[in-house]
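Heads up: the structure comes next, in structure tokens.
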Amino acid sequence: MKGAHMAYQKHISALLLLIMFVAGCKNGEDENAGAKNKPKGLQAEAYIATAQSFSSEFAASGSLLANEQIDIHPEISGRVTDITFKEGSKVRKGQLLVQLYDGEIKAQLQKLRSQRQLQQSILKRQEELLNIGGISKQDYETTETQIASINADIAFAEAQLRSTRIIAPFDGTIGIRNISEGAVVSPTTNITTLQQVQQLKIDFNVPEQYMKSIQVGNTVHFSVTGRTDTLTGKIAAIDAGAEAGTRTIKLRAVVPNADGKLIAGSFANVTMPLKSEANAILIPSQAVIPTTKDKKVARIKDGKIELAIVKLGQRTSDKVEIIHGLATGDTVILTGLMQAKPGMEVKVTKLRS
């Protein structure tokens, strides 16, 4: 009996040791699993947001246009009898450019004026007869009507006569002529062009979000091919609405060109200052995390990551202005943004400012 009891105790001891061993292994596995599930810290480069002066500008492509420009067309059909302008020369407002044949119209005018003179003489005699009852008032009024009709015909003929004289509607530079003396022209004939280039215009488009910073009188800078200097102009007009397809608004600036060195039709690279801030907060563009609803940055607070929603302003080539969501002195991470989670510990490997 004593031997059997000792054997039983040995069996119990071995069983207890086995249970303790299994429990120890399980605790070790749980500890390893816990270590695996524990979030790892993030190592990243960071940037300290500081207030700094910032001037933003917008760049656009534009075209130089003549201040005034028209194609010269005759108002009536006719034969060219005289061309009085020199190609490429300056002309004055009201100056005769082209004369069309006017012989028939002048003859018609002479005939109408003779008829009017005759009817006026008849009317005078009828007035004397009407006073003594020699004719009816109807005869007298018929002659008056004839004179009024002749006057209308004379006015029309005089307008036709004026149309044979093609004159410059404003001061400018005349272009190359497309006709010769003796040619028969019509209202569809393009005789030449007339441009006013002492002052030029630049038309260009800007996105609608910049309109709060733009007003008539603002200065724009531009450059053109063939010149190394930067030229300036002033905004003269802003279109009433945005273009539906591009959501942009057309602006027009005026540019002095008294020396005539700028050519209408040239391509222009336009830059326009938008605003200047003395204490703007700028951060590298790479620090911004775009989402479907808003923009965020990974800010470091008490050694841990905090995702902050920010509102963006103007951009430079490598930085973006933060209008809301960050303060001076805040630190944001620049690398490892895809792994950044709220509450994750972060170790800064390199600090930029």
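Worth knowing before you read on, the calculation uses all heavy atoms, side chains too, and leaves out hydrogens, waters and symmetry mates.
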Task: Pair I235-M272, side-chain contact (heavy atoms from CB on, under 4.5 Å): steps then yes or no - done: CA-CA 10 Å; I235 296 176; M272 180 174 56; 3.6 Å; yes

For [Y], is there any backbone N or O sitting under 3.5 Å from a side-chain donor or acceptor partner on [X]?
X    : Y    : value
Q196 : D171 : yes
S149 : T145 : no
Q119 : R116 : no
N178 : N190 : yes
T232 : V220 : no
T84  : L96  : yes
T335 : E45  : yes
S121 : Q117 : yes

In Å and rounded to the nearest 0.5 Å, what is the [atom1] to [atom2] distance from [X] to [Y]?
X    : Y    : atom1 : atom2 : answer
D102 : Q160 : CG    : CD    : 11.5 Å
I179 : I191 : CD1   : CD1   : 4.5 Å
R125 : E128 : CZ    : CD    : 9.0 Å
K106 : E158 : NZ    : CD    : 12.5 Å

Other residues, nucleotides, ligands: >12 heavy atoms within 6.0 Å of [X] [atom1]:
X    : atom1 : result
H324 : NE2   : no
R165 : CZ    : no
E181 : CD    : yes
F267 : CZ    : yes
Q110 : CD    : no
I147 : CD1   : yes
Q52  : CD    : yes

- [ ] Show your reasoning for whether salt bridge (Lys or Arg N to Asp or Glu O under 4.0 Å) applies to D203 and R252.
- [x] CA-CA 5 Å; D203 285 357; R252 173 166 289 174; 2.7 Å; yes

Open item on the list: On the six-membered ring of Y47, is R352 placed so that its NZ or CZ lies under 6.0 angstrom from the centre and within 45° of the ring axis?
Closed with: no

Task: NZ/NE/NH1/NH2 to OD/OE distance under 4.0 Å, D229 and R227 - done: yes

Open item on the list: Any carboxylate oxygen within less than 4.0 angstrom of a Lys/Arg side-chain nitrogen, looking at R299 and E306?
Closed with: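 A salt bridge is present here (some side-chain N lies under 4.0 Å from a carboxylate O).
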
Short side-chain donor-acceptor distance under 3.5 Å, [Y] and [X]:
X    : Y    : value
Q126 : T143 : yes
T142 : D139 : no
Q199 : N257 : no

Is there a side-chain contact between [X] and [Y] in this structure, where contact means two heavy atoms from C-beta onward sitting under 4.5 Å apart?
X    : Y    : result
L100 : V98  : yes
H221 : P273 : yes
N269 : V224 : no
L42  : I305 : yes
N67  : L200 : no

Open item on the list: Please evaluate residues T331 and L351 with respect to the criterion side-chain contact (heavy atoms from CB on, under 4.5 Å), reporting the C-alpha separation (whole Å), side-chain torsions for both, the decisive distance (0.1 Å), and the verdict.
Closed with: CA-CA 9 Å; T331 303; L351 189 61; 4.2 Å; yes

Task: Derivation of the side-chain contact (heavy atoms from CB on, under 4.5 Å) call for F204 and K250 - done: CA-CA 6 Å; F204 59 99; K250 180 182 285 187; over 6 Å; no

TODO: Apply the test side-chain contact (heavy atoms from CB on, under 4.5 Å) to residues L312 and V310: give CA-CA distance (whole Å), side-chain angles for both, the deciding distance (0.1 Å), then the verdict.
DONE: CA-CA 6 Å; L312 308 183; V310 294; 3.9 Å; yes

